[in-house]
Amino acid sequence: MKDILTHEEAEKCLDILEETYPDAHCELEHNSPYELLVATILSAQCTDIRVNKVTREMFKKYNTPKDFAYMDIKKLESLIKECGIYRNKAKNIKASSSVILEEYNGEVPNTIEELMKLPGVGKKTANVVASTAFGVPAIAVDTHVFRVSNRIGFVHEKNVEATERALQNKIDKNRWTKAHHLFIFHGRRCCTARNPKCEICTINKICRYYEGDS
DNA sequence: AACTCGGGGCA
DNA sequence: TGCCCAGAGTT
């Protein structure tokens, strides 16, 4: 059984990752909370690169809840086709936009709880939007966060729920959001699911996976 | 907690 | 074809 990073190592790990990825924020490009919400809904089972491309293009013409709430569903489906599962996503974007328009006066709600009431918005999307757009401290354990945090030994848990609790205990609340984005950046750029680039990894001196495998 | 649903892109 | 991808909703 591998040990896990000490509190000091964990702090240092986050420090190094911050230096490594100075631009680490949200990988989903956005100019407004609403754009981020749409992009995040699109990001389910789809790479951020493709989401950014589709969203950027679409928002040149359509960029308000009103635009999408009244848009023909077929048209919306064709606009977001590249992002996959587009029928559900189109339906959800349209429906969420209507709710935002009618119940929130056109403004995206700023709490995790309210965001989750929107159709197609679950825990992860709500966390990303609330933390990125509104500064709510949050850690949403997606595949990257789960893989990276467990692999390097930041925590040692077997499922996402336990990982989320462990991370919240291990990390100061004011660093939750930052840590969330850092794990995802690291997971995409270096600590990939297969063939991680351990030799160029900036935290390989601390990493339990690297120690254990070398 | 386990399960279903879901689709384009790329090798 | 098979595998990947920053999930949501229902039971």
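Each chain gets a letter, A, B and so on, in the order the sequences are listed, and its residues count up from 1.
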Checklist entry - Which value, rounded to the nearest 0.5 Å, describes the distance between A/I85 atom CD1 and A/K81 atom NZ? => result 13.5 Å

Checklist entry - Below 4.0 angstrom from OP1 or OP2 of C/dC4, is there any side-chain N or O of A/R194? => result yes

Checklist entry - What is the distance from CG of A/L118 to C1' of C/dG7, rounded to the nearest Å? => result 15 Å

Checklist entry - In whole Å, what separates the P atom of C/dA6 from that of B/dT4? => result 23 Å

Next on the checklist: Rounded to whole Å, how long is the line connecting atom CG of A/N52 with atom P of C/dA6?
Outcome noted: 11 Å

Item to check | Length of the line joining A/R188:CZ and C/dA6:C1', which is rounded to integer Å | outcome: 9 Å

Checklist outcome for this item: Contact string for nucleotides 2-11 of chain B, one letter per nucleotide 5' to 3', B = base within protein heavy-atom range under 4.0 Å, S = sugar-phosphate only, - = neither, reads ----BBSS--

Next on the checklist: At 4.0 Å (heavy atoms only), tell me whether A/T40 reaches a base, stays on the sugar-phosphate, or touches nothing.
Outcome noted: nothing

Checklist entry - In Å and rounded to the nearest 0.5 Å, what is the NE2 to SG distance from A/H186 to A/C207? => result 7.0 Å

Checklist entry - Are the charged groups of A/K117 and A/E114 less than 4.0 angstrom apart, N to O? => result yes

Checklist entry - Whole-Å distance between C/dA6 P and A/F185 CZ? => result 12 Å

Checklist entry - Starting at CD1 of A/I184 and ending at C1' of C/dG7, how long is that distance when rounded to a whole Å? => result 13 Å

Item to check | Residue-phosphate contact under 4.0 Å: A/T125 side-chain N/O, C/dA8 OP1/OP2 | outcome: yes

Checklist entry - Looking across every strand, which nucleic acid part, if any, lies under 4.0 Å from A/R147 by heavy atom: base, sugar-phosphate, or nothing? => result nothing

Next on the checklist: Need one value for A/V121: base, sugar-phosphate or nothing, where a base atom within 4.0 Å counts as base even if backbone is also close, heavy atoms only.
Outcome noted: sugar-phosphate

Item to check | Joint cluster assignment, A/L28 & A/V141, ILVMFWY side-chain distance < 4.5 Å | outcome: no

Item to check | Inter-nucleotide P distance (B/dC5, C/dC5), Å rounded | outcome: 23 Å

Checklist entry - What distance, rounded to whole Å, do you find between the two C1' atoms, one in B/dG6 and one in C/dG2? => result 16 Å

Checklist outcome for this item: Closest of C/dA6, B/dA1, C/dA8 to the A/T143 side chain is C/dA6

Next on the checklist: Reading DNA chain C from 5' onward, which residue's closest nucleotide shows up sooner: A/D48 or A/N92?
Outcome noted: A/D48

Checklist entry - Shared ILVMFWY cluster between A/I100 and A/I73, side chains joined below 4.5 angstrom? => result no

Next on the checklist: I want to know whether A/F68 and A/F59 have ring centres closer than 6.0 Å.
Outcome noted: yes

Item to check | Proximity of A/F146 and A/F183 rings by center, below 6.0 Å | outcome: no

Item to check | Whole angstrom value for the distance that separates C1' of C/dA8 from CD of A/E161 | outcome: 14 Å

Next on the checklist: What is the separation between atom CG on A/D142 and atom C1' on C/dC5, rounded to the nearest whole Å?
Outcome noted: 11 Å

Item to check | Note: A/E161-A/K123 ion pair, threshold 4.0 Å (strictly below) | outcome: no

Next on the checklist: In this structure, how many angstroms lie between the C1' atom of C/dA6 and the NE2 atom of A/H181, rounded?
Outcome noted: 10 Å

Next on the checklist: I want to confirm an ordering. Mapping A/I49 and A/M116 to their closest nucleotides on DNA chain C, which one lands closer to the 5' end?
Outcome noted: A/I49

